[in-house]
Engineer: 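Input: one structure, supplied below.
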Amino acid sequence: MVGAGQAGISLAARLRRDGFTDIALIDPRRTHRYRPLLSYVGGGQATLADLERPQSEVVPAGVTWCLDEVTGVDPAARRVETAGGRQISGGDLVLCPGVTPDWDDVPGSQAAVHSAYGSSNYVDERAPYTWELVEGLTEGHAVFVVGAGPVPCAGAALKPLFLAADHWRRTGVLGRLTVTLIVPWPTIFGIPAVDRELQAVADRFGITVLTSTRVRRVDTGNRLLHLDQGGPGEHRDTRLPYDLLHLVPRHRPPAWVSASGLGVPGTDGPAGEDDSALDAHVPGMVEVDPATLAHRRHLAVWGLGDAADVAASRSGGALRKQVAVVADNIGRRRAGRPLVGYDGYSTAPITVGRNRLVLAEFDRAGTLTPSVPLIDLVKPRRFTWAYDRFLQPELYWHSILRGRVSR
């Protein structure tokens, strides 16, 4: 199993519960992080210490942890090669390596994020600096960018905007700021009911939302964003200054995915015109059947998580369902039974103030699929914020990572 993030640890634990005894996890990271809390670190409501545990404490008992990095895969033999020179094979090969920022997609973006005026909660070590920037800004232009292409949890990409705006309102400086949100989609999120709530919040804060807009280049020296606005045939090149920039970059899987012939065919280059909040199809990602999560061309190879082309929004909520499907299907394939399917369920917890949160649950078609009856969780509520900030992390450490997941 490649990758010991949420998907890898949870799946290994679930397989152990199902009776599997020979499981290997390959991952070079010594620290495990509950990444959804990074948004709260950037909002001044948590610290990096709150979301970290030693990896050795979360690897399930009875699972072999290979502290190494995968550099290549032979999918036909279900064998991986590592930076340390090892070759590891098995009856089933599960790929959940995660994704990393694709800084080449927007020239100047990496330098901007690591400058005195920029940050990103999607770069772990920069999340605390996001809050420093927010607290220190009392006038000027604040710009929040969601990159075009695959982004882990599109909902979390909007959290820093609203947490910052709420802070500026409470400290009395919001009126001296110009706050802009840039998204590549035609609407603020992509699901009508969620769009209505988020747009209403943006209007109350006086936030300008630029839809169907992409950042083509960042001029760090002059603190300027070069933008491409409008849909196909309507492109307008404009420039936007910033005094604070929070940028969520496009992400990509490890290079060995495509090099090993495991990726979706196509050019894994700049985002195309059809990118959406749901990341419907992304060349270069692990090519799986979006329902069974089995690789389309290689037997007993599976993919899940942010690096898999599951035709659904990437999120921790999505992973819980995907883990259960892969665990069930590994056993079903070995027993010669029909495989079960993943319907694309995902979640988007979007903090819209310091203690209010919009919680959207939906399938790959964008249809809302709430798990709690009679309560409209898309409406901003205090209890959904408390659940996301305090209860969900405890469930993560003590339940999800222990394999207590189901379809």
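None of these values were measured; they are calculated from a predicted model. Counting from 1, the numbers follow the sequence of the chain as shown.
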Engineer: Between H167 and E135, what is the shortest heavy-atom contact and its length?
Structural biologist: NE2-CA, 3.9 Å
Engineer: List the steps and the verdict of side chain to side chain donor-acceptor pair (under 3.5 Å) for N121 and S39.
Structural biologist: CA-CA 6 Å; N121 292 346; S39 296; 4.6 Å; no
Engineer: Keeping the roles fixed (side chain from S315, backbone from A348), state whether a donor-acceptor pair exists under 3.5 Å.
Structural biologist: no
Engineer: Distance to the ring centre below 6.0 angstrom and angle to the axis at most 45 degrees; does that hold for R364 and Y342?
Structural biologist: yes
Engineer: Nearest heavy-atom pair of V123 and H114: which atoms, and what distance?
Structural biologist: CG1-NE2, 4.1 Å
Engineer: Salt-bridged, D18 to R14, with N to O below 4.0 Å?
Structural biologist: yes
Engineer: Which heavy atom of V257 sits nearest a heavy atom of P253, and at what distance?
Structural biologist: CG2-CB, 4.1 Å
Engineer: Using 0.5 Å steps for rounding, measure from the CD atom of E125 to the CG atom of L48.
Structural biologist: 9.0 Å
Engineer: Would you say R297 and E287 make side-chain contact, with heavy atoms under 4.5 Å?
Structural biologist: yes
Engineer: Under 4.5 Å between any side-chain heavy atoms of L225 and I182, yes or no?
Structural biologist: yes
Engineer: Counting distance only, does the side-chain N/O of D289 pair as donor-acceptor with the main-chain N or O of L293 below 3.5 Å?
Structural biologist: no
Engineer: Going through the checks in order, is the salt bridge (charged side-chain N to carboxylate O under 4.0 Å, His left out) test met by R86 and E81?
Structural biologist: CA-CA 6 Å; R86 286 185 279 187; E81 299 176 357; over 6 Å; no
Engineer: Charged N to carboxylate O under 4.0 angstrom, E197 versus K379?
Structural biologist: yes
Engineer: Is a donor on one side and an acceptor on the other found under 3.5 Å between the side chain of T292 and the backbone of A294?
Structural biologist: yes
Engineer: With the side chain counted from C-beta on, respond yes when I330 and V94 share a heavy-atom pair under 4.5 Å apart, and no when they do not.
Structural biologist: yes
Engineer: Run the side-chain contact (heavy atoms from CB on, under 4.5 Å) check on Q199 and V209 step by step: do they pass?
Structural biologist: CA-CA 8 Å; Q199 188 62 60; V209 181; 4.1 Å; yes
Engineer: At their closest point, which heavy atom of L25 faces which heavy atom of A12, and how far apart are they?
Structural biologist: CD1-CB, 4.1 Å
Engineer: So does R35 pair up with D124, basic N to acidic O under 4.0 Å?
Structural biologist: yes
Engineer: State, yes or no, whether a side-chain contact exists between V183 and T213 at a heavy-atom distance under 4.5 Å.
Structural biologist: no
Engineer: Salt bridge between D228 and R214, side-chain N to carboxylate O under 4.0 Å?
Structural biologist: no
Engineer: Going from CD1 on I188 to CG on L198, what distance comes out if it is rounded to the nearest 0.5 angstrom?
Structural biologist: 5.0 Å
Engineer: Could you tell me if E361 and Y345 have a donor-acceptor pair between their side chains, going purely by distance under 3.5 Å?
Structural biologist: yes
Engineer: Please check this pair: side chain of R217 against backbone of H226, looking for a donor-acceptor N/O pair closer than 3.5 Å.
Structural biologist: no
Engineer: Using 30° and 60° as the class boundaries, would you call the ring planes of F189 and F362 parallel, tilted or perpendicular?
Structural biologist: perpendicular
Engineer: Might you point out which heavy atoms bring S119 and T130 nearest each other, and give the distance in Å?
Structural biologist: OG-OG1, 2.8 Å
Engineer: Rounded to the nearest 0.5 Å, what separation is found between the OH atom of Y242 and the CG atom of L137?
Structural biologist: 13.0 Å
Engineer: Sub-3.5 Å donor-acceptor pair from the side chain of H295 to the main-chain atoms of V286, do we have one?
Structural biologist: no
Engineer: Quick test of your reading of the model: are R381 and D388 salt-bridged, counting only N-O distances below 4.0 Å?
Structural biologist: no
Engineer: Please determine whether the number of non-hydrogen atoms from other residues, nucleotides or ligands lying under 6.0 Å from atom CZ of R53 exceeds 12.
Structural biologist: yes
Engineer: For the atom pair CZ (R204) and CG (L174), what is the distance rounded to the nearest 0.5 Å?
Structural biologist: 12.5 Å
Engineer: Does atom CG of D22 have more than 12 heavy-atom neighbours, drawn from other residues, nucleotides or ligands, at distances under 6.0 Å?
Structural biologist: no
Engineer: Could you state the interatomic distance from CZ (R79) to OG (S260), rounded to the nearest 0.5 Å?
Structural biologist: 11.0 Å
Engineer: Counting heavy atoms not belonging to Y117, are there more than 12 under 6.0 Å from its OH?
Structural biologist: no
Engineer: Could you tell me whether a side-chain N or O of R223 sits under 3.5 Å from a main-chain N or O of D243, the two making a donor and an acceptor?
Structural biologist: no
Engineer: Stepwise, does the side-chain contact (heavy atoms from CB on, under 4.5 Å) test hold for S212 with W185?
Structural biologist: CA-CA 5 Å; S212 298; W185 319 304; over 6 Å; no
Engineer: When you measure from the side chain of D27 to the backbone of R29, do you find a donor-acceptor pair of N or O atoms at a distance under 3.5 Å?
Structural biologist: yes
Engineer: Using the side chain to side chain donor-acceptor pair (under 3.5 Å) rule, take T238 and Q229 through it: C-alpha gap first, then chi angles, then the decisive distance, then the call.
Structural biologist: CA-CA 7 Å; T238 58; Q229 293 183 268; 2.8 Å; yes
Engineer: Less than 4.5 Å apart, any side-chain heavy atom of R356 and any of F383?
Structural biologist: no
Engineer: Salt-bridge test for R78 and D92: reply yes if a basic N is under 4.0 Å from a carboxylate O, no otherwise.
Structural biologist: no
Engineer: Does the side-chain contact (heavy atoms from CB on, under 4.5 Å) test come out yes or no for I23 and M1, once each step is laid out?
Structural biologist: CA-CA 7 Å; I23 304 170; M1 191 179 304; 4.2 Å; yes
Engineer: Any sub-3.5 Å donor-acceptor pair from W168's side-chain atoms to V134's backbone N or O?
Structural biologist: yes
Engineer: Take M285 and V99, measure what side-chain contact (heavy atoms from CB on, under 4.5 Å) needs, and give me the verdict at the end.
Structural biologist: CA-CA 9 Å; M285 295 289 182; V99 291; 4.1 Å; yes
Engineer: Would you confirm whether W131, through its side chain, and V41, through its main-chain N or O, come within 3.5 Å as a donor-acceptor pair?
Structural biologist: no
Engineer: Can you check whether W103 and H251 have ring centres sitting under 6.0 Å from each other?
Structural biologist: no
Engineer: Salt bridge check: are R252 and D104 linked by an N-O gap of less than 4.0 Å?
Structural biologist: yes
Engineer: So, K321 side chain and R407 main chain: donor-acceptor pair closer than 3.5 Å or not?
Structural biologist: yes
Engineer: Quick one: CG on L247 to OG on S120, what's the gap to the nearest 0.5 Å?
Structural biologist: 6.5 Å
Engineer: For the side-chain contact (heavy atoms from CB on, under 4.5 Å) test, which of L95, V288, L11, N329 pairs with W302?
Structural biologist: N329
Engineer: Are any non-hydrogen side-chain atoms of V201 and R196 less than 4.5 angstrom apart?
Structural biologist: no
Engineer: Taking side chain as C-beta onward, heavy atoms only, is I88 less than 4.5 Å from I26?
Structural biologist: yes
Engineer: Under 4.5 Å between any side-chain heavy atoms of F144 and V179, yes or no?
Structural biologist: yes
Engineer: Return the minimal non-hydrogen interatomic distance between T138 and L177, and the atom names on each side.
Structural biologist: C-CD2, 3.9 Å
